[in-house]
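Not measured: the values here are computed from a predicted model.
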Amino acid sequence: MESLFFKDLHLTNEVQRALHEMGFEEATPIQAKAIPYILEGRDLLGQAQTGTGKTCAFGIPAIEMIDSNVHGVQVLALCPTRELAIQVSEELKNVCKYKKGVRILPIYGGQSIDRQIMALKNKPQIIV
């Protein structure tokens with residue numbers, strides 16, 4: 001498979017800047033296949049080994065497609081564990097570090113329900 005660089009994906013300057021700061025230059029195979037496909041508005045089911053960049057494979061296009069003027073859920077990422085939900089949330093926050101108005105909220109057990117309800121009232125666009 002031919003290499004695909006993030007700079008060639010026509011991503012916003014804000015996402016490009018965040019990815020550069022994260023040390024990302026070249027897309028992994030799952031990212032190279034998934035990102036352009038999802039950016040076309042198509043659905044995708046992907047599978048890859050641990051550590052191959054699956055979070056960014058769906059997270060980068062999801063963040064690119066967020067309308068920060070729309071207050072409410074636009075992306076729902078389901079994770080099987082609390083630890084993974086936190087990890088995915090943190091990675092997405094890093095990717096959208098420079099995008100204004102994008103709010104991400106991880107919801108998981110073991111945290112105060114009142115606190116989570118209050119956080120939902122801030123109308124996040126991405127819930128993990």
Side-chain donor or acceptor of Gln74 paired with backbone N/O of Asp67 under 3.5 Å: yes
Residues that Arg82 engages under side-chain hydrogen bond (donor to acceptor under 3.5 Å, both in side chains), provided they are two or more places apart: none
Ala48 backbone acceptor or donor facing Lys54 side chain under 3.5 Å: yes
Met65: partners by side chain to side chain contact (heavy atoms under 4.5 Å, CB included), with sequence neighbours left out: Ile38, Leu39
Side-chain donor or acceptor of Arg17 paired with backbone N/O of Tyr98 under 3.5 Å: no
Whether Gln16 side chain and Phe6 backbone form a donor-acceptor pair below 3.5 Å: yes
Linked, directly or transitively: Tyr37 and Ile30 (ILVMFWY side chains, under 4.5 Å): no
Nearest heavy-atom neighbours spanning Ala57 and Ile35: O-CG1, 3.6 Å
Closest contact, heavy atoms only, Ala85 versus Pro106: O-CB, 4.2 Å
Partner set under salt bridge (Lys or Arg N to Asp or Glu O under 4.0 Å) for Arg42, not counting sequence neighbours: Glu40
Heavy-atom side-chain proximity of Val88 to Phe58 below 4.5 angstrom: yes
Side chain to side chain contact (heavy atoms under 4.5 Å, CB included) partners of Ala62, counting only residues at least two apart: Val75
Same apolar cluster: Leu92 and Met22, side chain cutoff 4.5 Å: yes
Partners passing side chain to side chain contact (heavy atoms under 4.5 Å, CB included) against Leu105 (at least two apart in sequence or in another chain): Ile107, Ala119, Leu120, Pro124
Exercise: identify the closest heavy-atom pair between Cys56 and Pro61: O-CD, 3.8 Å
By side-chain hydrogen bond (donor to acceptor under 3.5 Å, both in side chains) - contacts of Gln31 (at least two apart): Thr28
Same apolar cluster: Leu44 and Val95, side chain cutoff 4.5 Å: yes
Results of side-chain hydrogen bond (donor to acceptor under 3.5 Å, both in side chains) for Lys123 - residues two or more places apart only: none
Close side-chain approach of Pro29 and Thr52, heavy atoms under 4.5 Å: no
Gap between atom NZ of Lys121 and atom CD1 of Ile117 - 0.5 Å precision: 7.0 Å
Inter- and intrachain pairs under side-chain hydrogen bond (donor to acceptor under 3.5 Å, both in side chains), touching residues 108-118, at least two apart: Gln111-Gln116
Sequence-distant partners of Glu64, side-chain hydrogen bond (donor to acceptor under 3.5 Å, both in side chains), two or more places apart: Thr12
Set of residues satisfying salt bridge (Lys or Arg N to Asp or Glu O under 4.0 Å) with respect to Glu25, sequence neighbours excluded: none
Results of side chain to side chain contact (heavy atoms under 4.5 Å, CB included) for Thr50 - residues two or more places apart only: none
Nearest heavy atoms of Leu84 and Thr81, plus distance in Å: N-OG1, 3.0 Å
Main-chain N/O of Leu19 paired with Lys97 side-chain donor or acceptor, under 3.5 Å: no
Closest non-hydrogen atom pair, Ile104 against Ser89: CG2-OG, 3.7 Å
Taking every non-hydrogen atom, the tightest pair across Ser68 and Gln125: O-NE2, 3.5 Å
Between CZ on residue Phe24 and CD1 on residue Ile60, distance to nearest 0.5 Å: 7.0 Å
Contacts of type salt bridge (Lys or Arg N to Asp or Glu O under 4.0 Å), residue Lys7, not counting sequence neighbours: none
Lys99 side chain near Ile63 side chain, heavy-atom distance below 4.5 Å: yes
